[in-house]
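In this chain, residues are counted from 1 in sequence order.
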Amino acid sequence: MPPAIQNDAILSATELTLSFGNQPILDGATLAIYSGEKVGLVGRNGCGKSTFLRIVAEEEHADAGSISRKQGLVVGYLPQEFQLDEEATVEENIRAGAAELTAMIERYETAENLSPSEVDRLHTAIEHADGWNLESRIEILMRELSAPPADRVVGYLSGGEKRRVGLCRALLPQPDLLILDEPTNHLDASAIAWLEGYLANSGGACLFVTHDRYFLDRIATRIVELSDGRFFSHEGNYSDYLIAKDERVEREQAAEHKRQRFLSREIDWVRAGVKARGTKQRNRLENYYAVKAQKAPERELDMELVIPTPPKLANVVVNLEEVGHYYDRDPLFLGIDIEFKAGECVGVVGPNGVGKTTMLRIIMGELEPSTGRVTVGKRTEFNYVDQTRLELDEDKSVLDEVSQGIDSVRFGNETLSVRAYLRRFLFTDDRINDRIGNLSGGEKNRVLLAKILKRGGNFLVLDEPTNDLDLQTLRVLEEALINFDGTSLVVSHDRWFLDRVCDRVIVFDRGEGVSINEGNYSYYLEKKKARDAVAQAAKAKPVKKKRERSEQDDDKPRKLKWKEERELESMEETILEAEEEVAEIETQLNDPEFYIENSEKAVGMAEELEVKKSRIQELYERWEELEAIRVAWEARGK
């Protein structure tokens, strides 16, 4: 219980129990949520996270236990599967989220036949809900979350567009408790960043489930794990939780080891059949059976997701040369140049609707590019996991759906039975024989992964593979991709995932076009921030003049010379190399052991360090100068 707010619980769940058939979901689960805190709910898919959210939102009921709410508590809810009015417009659906507030405003503005006290009550309620800023809030939400145009009819929207509308609707009333089930699905990086800031600065409480670990790390003030039907609460964010969970597991294992040692010592005495006539003997026997009846901590199994060994790739994997594509007569993207390499993972990021999936289809030969050329190596075999995934037959068992009549799966030189293969995806024997229709959303995704990955291939194309996967499954998928000997191309908005697996990143930017960037996604963001800072400084800073010029010449922009263009193109790489040299010297000078044998070199190295730092400053100034010339030239006549 958070000590600072322990007396301010706005919602309490007490001793909740719930079972689906013979499968227990909640087993005496108890949890309190406090005013203003941000609670991240984690746990394996199928453990009951979404079910608990539905119970809290009063859309489902537990078999036993109770939910108590603070009087007048306003709750907003975004479920994974939500309902919108298909015949209404985007704006009408969003406004429906604040229907009660809108009704109060209308009642206040037509205050006929209302007593002064009723008018005051309405005014206070509207002020509390920030009702007078409702129109501006709608505008901000639609803009920042990239909602479709206000007059679009919802029935014609894609699933991702509908989800953004649903998120706008949930955020609009500024509830006391906001319940979000996978809020970052179908949001691009800028929308996720805005949502992070919005929630962090919101005074209301938030209970949310997400697979986005950066989102968990930046927003959560407490992590609650649902495991074996019970809640385990950990103060702090996701990183704090990982440390605390390791400590919790160690304590549980130590306690279990102590219990087993006690049982081992006592078992001989019990087997001897000593008659428990005396009080001490009876107490000893009762104590033995009580300890024996204690439930051992559930052993958490990890998926052993090993992607089948790929066929060897040729020297040419896939090459794109000046590839572009037009939608109607407008360019969707232009000028993509990239050579894919064996063993690398390339990430693809960018807002929705910029052509990421179109590029994937062009690479796989499903669509001809409007411009440029695609060369596919002779040995390249694609395996595509698309956004919509494959259809699953709800009436089939997991085994039948994945095996499709074939009893074994080939893993390089090894052959596995389909049952053994499915156990690697954390399906128990009971679950392997269960109907697809009885599985949770996350379990269905594991079935899809198993079904698709067994097809093999040496060029994996994954379009949003992380949607709806639990955190444990995500970590295993990351390890599988890192160890995959083939080539993988991954479209994802999951920044943590991209940082772990990617060697390069293809970035689709509406303003800057498509760029190919070395390193992972965080490295790209870091360098982009530096470039933006240089560009901003260049706009504000006059170009240095090497010679006196007439006032007329000073006002006239010029084009970069060929040599200057080449210098500007290589400037970022030049600065990076210089910074790496500085970092290497600093590492040596900061190592105490370095001085044991190299004390005479230290002075010279320190002087060299200062020279190199000055050189970096000169490079940044030269970058600003060249960038200012380029910006002024491109802005001429505007």
Side-chain angles (χ1 to χ4, degrees), residues 11 13 16 18 20 25-26 29 31 33 38-62 67 69 73-86 88 90 92-100 141 145 147 154-155 157-187 191-192 195 198-199 202 204-212 215-216 219-220 224 226 231 388-389 394 437-445 464 466-471 493:
L11 183 141
L16 298 183
L18 178 69
F20 293 153
I25 301 297
L26 300 174
L31 177 67
I33 299 172
K38 311 297 187 281
V39 180
L41 182 60
V42 302
R44 289 196 181 277
N45 279 334
C47 72
K49 300 187 299 295
S50 294
T51 300
F52 176 69
L53 295 191
R54 288 195 294 271
I55 291 172
V56 173
E58 298 184 302
E59 294 202 352
E60 195 166 321
H61 298 285
I67 296 281
R69 295 172 176 80
L73 184 72
V74 177
V75 177
Y77 179 40
L78 177 73
Q80 283 198 53
E81 304 295 333
F82 55 91
Q83 295 294 322
L84 297 175
D85 185 342
E86 298 282 312
V90 166
E92 288 168 345
N93 271 281
I94 293 173
R95 283 183 180 278
E100 187 175 339
L141 287 169
L145 295 176
V154 164
L157 302 181
S158 68
E161 289 173 322
K162 289 178 181 178
R163 187 157 188 84
R164 294 197 293 277
V165 173
L167 182 55
C168 289
R169 185 178 66 176
L171 296 178
L172 181 60
Q174 295 184 321
D176 304 314
L177 174 60
L178 184 60
I179 304 170
L180 302 174
D181 199 348
E182 297 292 357
T184 62
N185 280 3
H186 303 292
L187 295 185
I192 293 172
L195 181 60
Y198 176 89
L199 292 177
S202 167
C206 184
L207 172 65
F208 62 98
V209 171
T210 182
H211 67 270
D212 188 325
F215 191 85
L216 272 171
I219 300 304
V224 174
L226 177 55
F231 292 119
T388 57
R389 309 289 176 90
E394 298 278 311
N438 293 336
L439 304 184
S440 69
E443 287 173 316
K444 289 178 181 177
N445 278 341
E464 295 291 357
T466 63
N467 282 355
D468 301 324
L469 294 181
D470 59 41
L471 300 179
H493 292 127

Would Val75 and Ile179 count as a side-chain contact (heavy atoms from CB on, under 4.5 Å) here? Give the steps. CA-CA 7 Å; Val75 177; Ile179 304 170; 3.6 Å; yes

Derivation and outcome, side chain to side chain donor-acceptor pair (under 3.5 Å), residues Ser50 and Gln80: CA-CA 8 Å; Ser50 294; Gln80 283 198 53; 3.3 Å; yes

Does the pair Glu182 and Val209 meet the rule for a side-chain contact (heavy atoms from CB on, under 4.5 Å), with working shown? CA-CA 5 Å; Glu182 297 292 357; Val209 171; 4.2 Å; yes

Candidate pair Val90 and Ile94, rule side-chain contact (heavy atoms from CB on, under 4.5 Å), full reasoning: CA-CA 6 Å; Val90 166; Ile94 293 173; 3.8 Å; yes

With side-chain contact (heavy atoms from CB on, under 4.5 Å) as the criterion, how do Leu11 and Leu31 come out once you've worked through the C-alpha distance, each side chain's angles and the decisive distance to 0.1 Å? CA-CA 8 Å; Leu11 183 141; Leu31 177 67; over 6 Å; no

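Between Pro79 and Leu53, every side-chain heavy-atom pair lies at or beyond the 4.5 Å cut-off. Taking the side chain as every heavy atom from C-beta outward, Tyr77 and Leu178 never approach each other to under 4.5 Å. Looking at heavy atoms from C-beta onward, Leu145 lies out of side-chain contact with Val165 at the 4.5 angstrom threshold. A 4.5 Å side-chain heavy-atom check between Val56 and Leu177 finds at least one atom pair inside the cut-off. Side-chain contact between Val42 and Leu226 is absent, with no heavy atoms from C-beta onward closer than 4.5 Å. For the pair Asp181/Leu78, no side-chain contact is recorded, criterion being any heavy-atom separation below 4.5 Å from C-beta on. A 4.5 Å side-chain heavy-atom check between Pro183 and Leu195 finds at least one atom pair inside the cut-off. A 4.5 Å side-chain heavy-atom check between Thr210 and Ile219 finds every atom pair outside the cut-off.
Shortest non-hydrogen contact noted between Ala13 and Ile67 is CB-CD1, 3.5 Å. Here the closest heavy-atom approach between residue Tyr198 and residue Leu171 is recorded as OH-O, 3.4 Å. Across Gly97 and Pro173, no two heavy atoms sit closer than the pair O-CG, 3.4 Å. Between Val74 and Pro175 the shortest heavy-atom distance is O-CB, 3.4 Å. Smallest separation of non-hydrogen atoms from Ile25 and Gly48: CG2-CA, 3.5 Å.
One finds the OG1 atom of Thr184 at 10.0 Å from the CZ atom of Phe208 (value rounded to the nearest 0.5 Å). One distance of note links CD1 of Ile33 with CG of Leu73; it measures 9.5 Å at 0.5 Å rounding. Note that CZ of Arg163 is 10.5 Å distant from CG of Leu84, once rounded to the nearest 0.5 Å. The distance from atom CZ of Arg169 to atom CZ of Arg95, rounded to the nearest 0.5 Å, is 14.5 Å. For the atom pair CD1 of Ile55 and CG of Leu18, the computed distance is 5.0 Å after rounding to the nearest 0.5 Å. Between the CZ atom of Phe20 and the CG atom of Leu26 there is a distance of 8.0 Å, given to the nearest 0.5 Å.
Counting non-hydrogen atoms of neighbouring residues, nucleotides and ligands closer than 6.0 angstrom, the CD atom of Glu59 exceeds 12 such neighbours.
Ion pairing of Glu86 with Lys162 is present here, as a side-chain N (NZ or NE/NH1/NH2) and a carboxylate O approach within less than 4.0 Å. Looking at Glu58 and Arg69, a side-chain N of the basic residue comes within less than 4.0 Å of a carboxylate O on the acidic one, giving a salt bridge.
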